[in-house]
Amino acid sequence: MRFVKGHGTENDFVILPDLDGALDLTPDLVAAICDRRAGIGADGVLRVVRSKALGRDGDPEWFMDYRNADGGVAEMCGNGVRVFARYLVEAGLAAPGDLRIATRGGMRVARLGAAGDVTVDMGAPKILGNSRATVSGRVYEGLGVSMGNPHLACAISEPVSGLDLTRAPEVDAGFFPEGVNVELFRPAGQGRVEMRVHERGSGETRSCGTGAVATAVAAAHAEGRTEGTWEVAVLGGVVTVTLDGETSFLSGPAVLVAEGELHLG
């Protein structure tokens with residue numbers, strides 16, 4: 001099968017064009033593709049498929065079928081949507097402009113910028129309430145936020161560089177029955193935070209788009225606000241989150257770096 005490799009601030013994906021939905025994308029196949037030693041290596045897989053091929057006749061033309069690195073199905077991926085949009089335009093499957101993309105977390109609208117960035121309307125954040133995460137025996141209080149997928153964004157006072165995220169943080173399974181992405185962030189000046197993230201099904205990643213938005217929501221909430229613009233510094237670069245009190249926008253680079261033929265069975 002053909003593939004394209006892309007990333008958004010080093011949150012990387014294998015893109016599989018399967019326009020008519022013929023591919024049997026099993027969890028084992030996804031995990032093999034994402035294996036960084038025996039496969040191509042990625043944080044997840046983006047299958048490009050027409051919505052009508054999946055019986056989703058009321059959706060926009062293109063459906064982003066996103067899978068985590070362990071093969072699990074996920075509702076949404078912010079950086080994934082931006083890379084998906086980049087692919088649609090560069091492959092000639094969509095014209096530049098407002099691109100409506102169907103996801104399990106709802107429809108998203110993306111737009112390519114002149115400087116190579118991609119901005120996506122991520123929808124209205126939903127605050128789930130307060131919870132906590134335990135990392136290396138230390139408990140951090142956080143704010144649960146849904147961006148179509150679940151997040152727990154925890155403000156910390158120490159540099160994020162010292163965190164050990166080689167193992168999944170411990171969380172309240174009753175509060176997050178389907179698992180959760182955990183962000184740990186530290187304010188780094190007016191309108192700027194630094195963040196690291198452990199994603200369910202993928203482990204620590206270099207960036208997480210929905211996690212960046214959830215972090216901005218938590219930072220705003222701590223200041224008693226629902227609006228504002230934040231630069232979120234992640235291991236793979238910087239993304240910008242804008243909150244307007246109704247919806248949220250995520251902006252940053254999205255690039256395609258390779259293409260080829262995949263021989264995994």
Side-chain angles (χ1 to χ4, degrees), residues 8-9 11 13 15 30 43-49 51 54 56 58-88 98-111 118-129 131 142-154 171 175-183 185 195 197-202 205 207-221 226 230 232 234 239-252 254:
T9 49
N11 189 192
F13 309 96
I15 304 161
V30 171
D43 293 324
V45 165
L46 303 171
R47 182 169 70 129
V48 182
V49 59
S51 295
L54 303 178
R56 304 172 66 103
D59 282 348
E61 180 178 6
W62 297 108
F63 179 78
M64 184 185 79
D65 180 11
Y66 177 64
R67 314 293 179 96
N68 287 319
D70 67 352
V73 172
E75 303 93 341
M76 247 300 289
C77 180
N79 286 328
V81 172
R82 298 191 305 102
V83 172
F84 192 94
R86 170 71 65 195
Y87 173 79
L88 289 179
D98 289 339
L99 308 180
R100 299 170 68 246
I101 298 169
T103 79
R104 292 184 182 87
M107 191 264 290
R108 299 292 185 265
V109 179
R111 174 177 284 272
V118 179
T119 298
V120 59
D121 183 340
M122 297 289 289
K126 179 181 179 182
I127 293 179
L128 304 176
S131 190
L143 185 70
V145 180
S146 174
M147 293 304 306
N149 58 348
H151 293 267
L152 179 61
C154 304
V171 297
F175 197 95
F176 299 108
E178 298 181 355
V180 64
N181 301 318
V182 177
E183 291 80 35
F185 70 93
M195 179 196 88
V197 55
H198 190 285
E199 295 194 55
R200 59 174 182 169
S202 296
T205 56
S207 179
C208 176
T210 52
V213 178
T215 291
V217 170
H221 187 266
T226 59
W230 276 262
V232 182
V234 294
V239 294
T240 301
V241 176
T242 301
L243 308 174
D244 66 4
E246 295 183 0
T247 190
S248 57
F249 297 91
L250 173 71
S251 300

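Owing to the predicted nature of the structure, the values given are computational and were not obtained by experimental measurement.
Within the 3.5 Å criterion, the main-chain N or O of Val30 finds no donor-acceptor partner in the side chain of Arg67. Ser248 contributes no side-chain N or O that, together with a main-chain N or O of Ala124, makes up a donor-acceptor pair within less than 3.5 Å.
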> Which is it for Phe185 and Val232 under the side-chain contact (heavy atoms from CB on, under 4.5 Å) test, yes or no, and what are the steps along the way?
Replying inline: CA-CA 9 Å; Phe185 70 93; Val232 182; over 6 Å; no
> When you look at Met122 and Thr210, which way does the side-chain contact (heavy atoms from CB on, under 4.5 Å) test go after all the steps?
Replying inline: CA-CA 8 Å; Met122 297 289 289; Thr210 52; 3.4 Å; yes
> Do Arg200 and Val171 pass the side-chain contact (heavy atoms from CB on, under 4.5 Å) test, and can you show the C-alpha distance, the side-chain angles, and the key distance before you say yes or no?
Replying inline: CA-CA 11 Å; Arg200 59 174 182 169; Val171 297; over 6 Å; no
> Hey, mind stepping through Trp62 and Phe84 against side-chain contact (heavy atoms from CB on, under 4.5 Å) and telling me if it holds?
Replying inline: CA-CA 10 Å; Trp62 297 108; Phe84 192 94; 4.1 Å; yes
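Side-chain contact between Val48 and Ile15 is present, with at least one heavy-atom pair separated by less than 4.5 Å. The shortest side-chain heavy-atom distance between Asn149 and Arg104 does not fall under the 4.5 Å cut-off. Counting heavy atoms from C-beta on, the side chains of Leu243 and Trp230 come closer than 4.5 Å.
Cys208 contributes atom SG, which lies 10.0 Å from atom CE of Met147 (distance to the nearest 0.5 angstrom). Here CG of Asn181 is found 11.0 Å from CE of Met76. Values are rounded to the nearest 0.5 Å. Ser207 contributes atom OG, which lies 8.5 Å from atom CD of Glu199 (distance to the nearest 0.5 angstrom). How far CG of Leu152 is from OG1 of Thr215: 10.0 Å, rounded to the nearest 0.5 Å. Annotation: the span from Phe63 atom CZ to Thr103 atom OG1 amounts to 7.0 Å, rounded to 0.5 Å. Expressed to the nearest 0.5 Å, how far CZ of Arg56 lies from CD of Glu61 amounts to 14.5 Å.
Residues Ala85 and Val118 share a closest heavy-atom pair of CB-CG1, 4.3 Å. Here the closest heavy-atom approach between residue Ala153 and residue Ala214 is recorded as CB-O, 3.8 Å. Summarising the geometry of Gly78 relative to Val120, their closest heavy-atom pair is O-CG1, 4.4 Å, with the distance given to 0.1 Å. When all heavy atoms of Gly80 and Leu46 are compared, the closest pair comes out as O-CD1, 3.6 Å. Taking every heavy atom of both residues into account, Gly144 and Phe176 meet most closely at CA-CZ, 4.3 Å. Residues Arg82 and Gly252 approach most closely at NH1-O, 2.5 Å, considering heavy atoms.
Listed by chain and residue number, Glu246, Thr247, Phe249 satisfy the side-chain contact (heavy atoms from CB on, under 4.5 Å) test with Asp244 (two or more places apart in sequence, or in another chain). Arg47 meets the salt bridge (Lys or Arg N to Asp or Glu O under 4.0 Å) test with Asp18, Asp65; sequence neighbours excluded.
Checking Asn11, Thr205, Asn79, Asn68 one by one against Asp43, the side chain to side chain donor-acceptor pair (under 3.5 Å) holds for a single residue, Asn11.
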